Amino acid sequence: MLIMYLQMLDTPEEKIRFEQIYLKYREKMFHVADSILHNDQDAEDAVHNAFLRIIKKFSRFQNTPVKDLAPQITVITRNEAISLQRKKKDAAPLEDWDGFAETTEAVSDYNSLVEAFTRLPATYRAAMEMKLLGYSDGEIAIRLGLSKTAVSTRISRGRQFLRDIVEREGFLLDA
């Protein structure tokens, strides 16, 4: 698969850089996609789509050190997995319509929550996404170039923003 991706790039420098990204992040990307989709085949499809998106927007990745790309690559992968999940949901076979109707309310609330999350200010969303992916406050601080206190504050304020959005949208979480 790597060879196919490399053929899509123009310069030898781009190819070397992409190969570094591919080797460093492919397993993490699969883990992120699989945690959303719970299906290896679908997770592989989401990772493939994420790599295609990275190639399409490759100029954005040129000046950032490979080791610092984890947040962006994780978000791209997560978005591709969610997009694939939505497409699969929309294409439910007819024999599954009874079960589909029973879970529609829960999925609707989940999708509404994801949509609310995307409307958070970027500064809060980045810290919260990394926290949800299991990064410690110290790791987030290093990746975002902040102090641990600033990370904690952003996560706390981000949660409050999310609560406000959820309450305005009219659905409450049982938590």
Side-chain angles (χ1 to χ4, degrees), residues 1-93 107-108 110-146 150-151 154-155 158 161-162 165:
M1 205 54 132
L2 176 59
I3 293 170
M4 182 189 77
Y5 297 135
L6 294 176
Q7 290 175 346
M8 295 177 182
L9 297 165
D10 297 325
T11 67
E13 294 81 19
E14 287 178 337
K15 292 177 182 191
I16 290 169
R17 183 151 176 84
F18 183 83
E19 185 174 3
Q20 292 170 341
I21 292 169
Y22 179 87
L23 294 174
K24 180 160 181 70
Y25 293 109
R26 68 178 174 201
E27 290 178 21
K28 182 178 197 125
M29 293 167 73
F30 178 82
H31 176 71
V32 168
D34 193 46
S35 70
I36 294 168
L37 298 166
H38 308 292
N39 178 306
D40 289 351
Q41 180 87 24
D42 291 342
E44 288 175 12
D45 290 345
V47 170
H48 172 71
N49 292 342
F51 277 125
L52 292 177
R53 180 171 296 206
I54 289 168
I55 289 170
K56 186 175 181 181
K57 311 269 186 188
F58 200 67
S59 62
R60 294 182 184 177
F61 297 91
Q62 293 291 77
N63 297 324
T64 306
V66 172
K67 65 181 179 67
D68 296 336
L69 292 173
Q72 293 127 313
I73 289 175
T74 300
V75 168
I76 290 169
T77 305
R78 187 204 70 209
N79 290 345
E80 289 298 330
I82 291 170
S83 177
L84 185 62
Q85 185 179 46
R86 286 181 184 152
K87 287 177 187 172
K88 289 243 177 224
K89 180 193 77 150
D90 291 342
V107 170
S108 175
Y110 171 77
N111 288 336
S112 298
L113 182 60
V114 169
E115 176 62 30
F117 196 87
T118 62
R119 286 188 273 143
L120 288 174
T123 55
Y124 302 119
R125 187 176 62 238
M128 289 182 66
E129 286 174 345
M130 293 175 73
K131 187 68 169 181
L132 289 170
L133 291 170
Y135 286 95
S136 69
D137 287 359
E139 292 171 321
I140 296 169
I142 291 168
R143 300 249 187 223
L144 296 179
L146 302 169
V151 168
R154 284 188 181 187
I155 291 171
F161 272 114
L162 189 58
I165 291 169

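All values derive from a computational prediction rather than experimental measurement.
For the residue pair A33 and A46, the shortest heavy atom distance occurs at CB-CB, 3.9 Å. Of all non-hydrogen atoms in L120 and G158, the two that sit nearest each other are CD2-O, 3.7 Å. Here the shortest heavy-atom pairing between D68 and P71 reads O-CD, 3.6 Å. Minimum heavy-atom separation, I140 to A127: CD1-O, 3.7 Å.
If you take NZ on K87 and CD1 on I82, they are separated by 13.0 Å, rounding to the nearest 0.5 Å. In this structure, CE on M8 lies 12.5 Å from CD1 on I54, to the nearest 0.5 angstrom. Going from atom CG of L84 over to atom CD1 of I36 covers 10.0 Å, rounded to the nearest 0.5 Å. F58 CZ to D10 CG: the interatomic distance, rounded to the nearest 0.5 Å, is 10.5 Å. Once rounded to the nearest 0.5 Å, the distance linking CZ of R26 with CD1 of I21 reads 13.5 Å.
Around the CD atom of E27, the shell of radius 6.0 Å holds no more than 12 heavy atoms that belong to other residues, nucleotides or ligands.
When atom types are taken as modelled, the side chain of Y25 and the backbone of V66 share a donor-acceptor pair closer than 3.5 angstrom. In terms of modelled atom types and a separation under 3.5 Å, the side chain of S83 and the main chain of N79 share no donor-acceptor contact.
Contact annotation: the side chain of Y135 never approaches that of V151 to less than 4.5 Å [non-hydrogen atoms, C-beta and beyond]. Looking at heavy atoms from C-beta onward, M128 lies in side-chain contact with L162 at the 4.5 angstrom threshold. Side-chain contact between T74 and M130 is absent, with no heavy-atom pair separated by less than 4.5 Å.
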Are I76 and M29 close enough, and set up right, to give a side chain to side chain contact (heavy atoms under 4.5 Å, CB included), and what steps lead you there? CA-CA 9 Å; I76 290 169; M29 293 167 73; 5.9 Å; no
Apply side chain to side chain contact (heavy atoms under 4.5 Å, CB included) to the pair K131 and D137, showing each step before the final yes or no. CA-CA 7 Å; K131 187 68 169 181; D137 287 359; 2.9 Å; yes
Please step through side chain to side chain contact (heavy atoms under 4.5 Å, CB included) for the pair V75 and R125, ending with a clear verdict. CA-CA 10 Å; V75 168; R125 187 176 62 238; over 6 Å; no
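Residue pairs satisfying the ring pair (Phe, Tyr, Trp, His ring centres under 6.0 Å) criterion with at least one member in residues 26-54, sequence neighbours excluded, are listed as follows: Y5-H48, Y5-F51, F18-F51, Y22-F51. Residues in residues 70-79 take part in these salt bridge (charged side-chain N to carboxylate O under 4.0 Å, His left out) pairs, two or more places apart or across chains: R78-E129. Applying the salt bridge (charged side-chain N to carboxylate O under 4.0 Å, His left out) definition to pairs two or more places apart or across chains, those involving residues 38-64 are D42-K88, R53-E80.
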